[in-house]
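Below is one structure, written out as structure tokens, with a few remarks after it.
The structure displayed is predicted, hence computed values, not measured ones. Naming convention: chains lettered A, B, ... in sequence-line order (proteins, then strands); numbering from 1 in each chain.
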2 protein chains.
Amino acid sequence: MGAPADDLDLIGRRTAQRTSVVRALIDHGGFVGARALHDELRTQGAPVGLNTVYRTLAALVDAGRADVVRDRGGERLFRHRPFPEHQHYLLCRACGLSAPVDSAAVETWAEHVARTSGFAEVEHTVELTGLCPQCRTT
Amino acid sequence: MGAPADDLDLIGRRTAQRTSVVRALIDHGGFVGARALHDELRTQGAPVGLNTVYRTLAALVDAGRADVVRDRGGERLFRHRPFPEHQHYLLCRACGLSAPVDSAAVETWAEHVARTSGFAEVEHTVELTGLCPQCRTT
DNA sequence: CTAGTAGTGACAATCGTTTCCATCTACGGT
DNA sequence: ACCGTAGATGGAAACGATTGTCACTACTAG
Ligand SMILES: [Mn+2]
Ligand SMILES: [Mn+2]
Ligand SMILES: [Zn+2]
Ligand SMILES: [Zn+2]
């Protein structure tokens with residue numbers, strides 16, 4: 001379990017709101033949008049301003065404690081990352097379930113491309129989406 | 001050179017506006033946003049409604065004649081794709097210059113993950129960004 | 001040529017996200 | 001424990017990209 005304490009120390013003052021946001025993100029267990037997290041906090045009786053949700057999530061991303069992906073509609077989805085290691089995910093387009101994937105091969109490939117391209121400060125975005133076992137009915 | 005004719009046949013009626021948009025996209029030579037393309041068309045004396053620019057680009061993407069990436073701000077950037085083969089790019093965060101990259105290794109990796117994951121209809125997004133030789137001046 | 005349908009574009013609406021700013025509060029001195 | 005203040009909060013307004021609406025236009029099949 002990633003203790004909220006660890007995360008909170010990295011992002012500034014320890015406020016009730018930030019504590020709530022971090023805990024809600026961890027509890028959620030997968031990728032969530034800021035809006036959805038804001039709703040969950042409100043229904044859980046720990047209302048936090050949407051603005052603060054955005055700021056806390058941004059701070060977590062800066063601190064390397066959260067990963068971000070863009071869903072089909074362009075919305076940013078956040079997921080808590082307990083370990084400092086860079087991660088990629090395979091996530092379900094229907095239910096949002098996410099599974100970390102072993103991306104060693106891609107990292108190697110990306111580094112190779114970076115070295116032989118002439119470009120500097122090369123970064124990569126790698127996202128896999130699909131339909132999880134539960135969701136592939138029809 | 002991809003002749004606009006080929007592309008226009010795939011997306012419906014042959015109108016002056018679509019012809020302009022397709023030609024402007026090809027002429028641009030790299031990734032462009034709808035807004036920027038709209039501006040270029042206006043300054044070139046071939047004004048087209050922004051809405052039509054969006055619709056034409058969407059049609060090209062549907063027809064597999066254009067690739068899309070999201071820039072940092074979430075804006076969608078489009079690039080004409082003369083060949084039907086799936087492509088990935090390395091693009092400059094400063095000037096927008098893009099270079100196709102050999103992604104065979106990633107395709108293999110993605111297929112492997114898909115087969116062993118239990119997920120169905122797995123799709124992938126792979127984008128590399130960096131600073132091109134011209135732009136890495138600090 | 002004409003009918004009929006697909007396309008156009010000005011405008012408004014949406015959606016996610018950011019900025020503003022007046023107010024509040026955590027917390028390192030004292 | 002008590003301040004003072006930099007940092008944090010949140011409601012409202014601003015923003016930028018994209019999509020919906022709908023009256024009008026113009027391809028194109030016949
Ligand atoms: Mn990676
Ligand atoms: Mn690919
Ligand atoms: Zn699912
Ligand atoms: Zn460049």
key: Any side-chain heavy-atom pair of B:R14 and B:D9 under 4.5 Å   =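 Side-chain contact under 4.5 Å: yes.
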
inquiry  = Taking the side chain as everything from C-beta on, heavy atoms only, tell me whether A:L77 gets closer than 4.5 Å to A:R70.
reply    =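 A side-chain contact under 4.5 Å is absent here.
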
Only pairs under 3.5 Å count here: list side-chain donor-acceptor contacts from residues 125-132 of chain B, not counting sequence neighbours, and write none if there are none.
from: B:T129; atom 1: OG1; to: B:R93; atom 2: NH1; distance (Å): 2.8

Is it true that the side chains of [X] and [Y] contain a donor and an acceptor less than 3.5 Å apart?
X: B:D7; Y: B:H80; result: yes
X: B:S98; Y: B:R79; result: yes
X: B:H124; Y: A:H88; result: no

Rounded to whole angstroms, how far apart are [atom1] on [X] and [atom2] on [N]?
X: B:L10; N: C:dG7; atom1: CG; atom2: P; value: 13 Å
X: B:H38; N: C:dG9; atom1: NE2; atom2: C1'; value: 9 Å
X: A:D39; N: C:dG16; atom1: CG; atom2: C1'; value: 13 Å
X: A:F31; N: C:dG16; atom1: CZ; atom2: P; value: 18 Å
X: B:D71; N: D:dG16; atom1: CG; atom2: C1'; value: 11 Å

request  = Please check the phosphate of C:dA26 (OP1 and OP2 only) for any side-chain N or O of A:R18 closer than 4.0 Å.
outcome  =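 No, no such contact exists.
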
ask   = What does the inter-axis angle of the helix from C:dC1-D:dG30 to C:dT30-D:dA1 come out as, five pairs per end, nearest 10 degrees?
value =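 Computed angle between terminal axes is 40°.
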
ask   = Where along nucleotides 17-30 of chain D does protein come under 4.0 Å, by heavy atom, of base (B) or sugar-phosphate alone (S), with - for untouched nucleotides?
value = SBBBB----BBS--

ask   = Transitively linked via ILVMFWY side-chain contacts under 4.5 Å: B:L37 with B:I11?
value =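 Yes; B:I11 is reachable from B:L37 via cluster members.
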
ask   = Where do B:Y89 and B:F31 land on the ring-ring contact (aromatic ring centres under 6.0 Å, His included) test, with the steps shown first?
value = CA-CA 10 Å; B:Y89 302 89; B:F31 282 98; 4.9 Å; yes

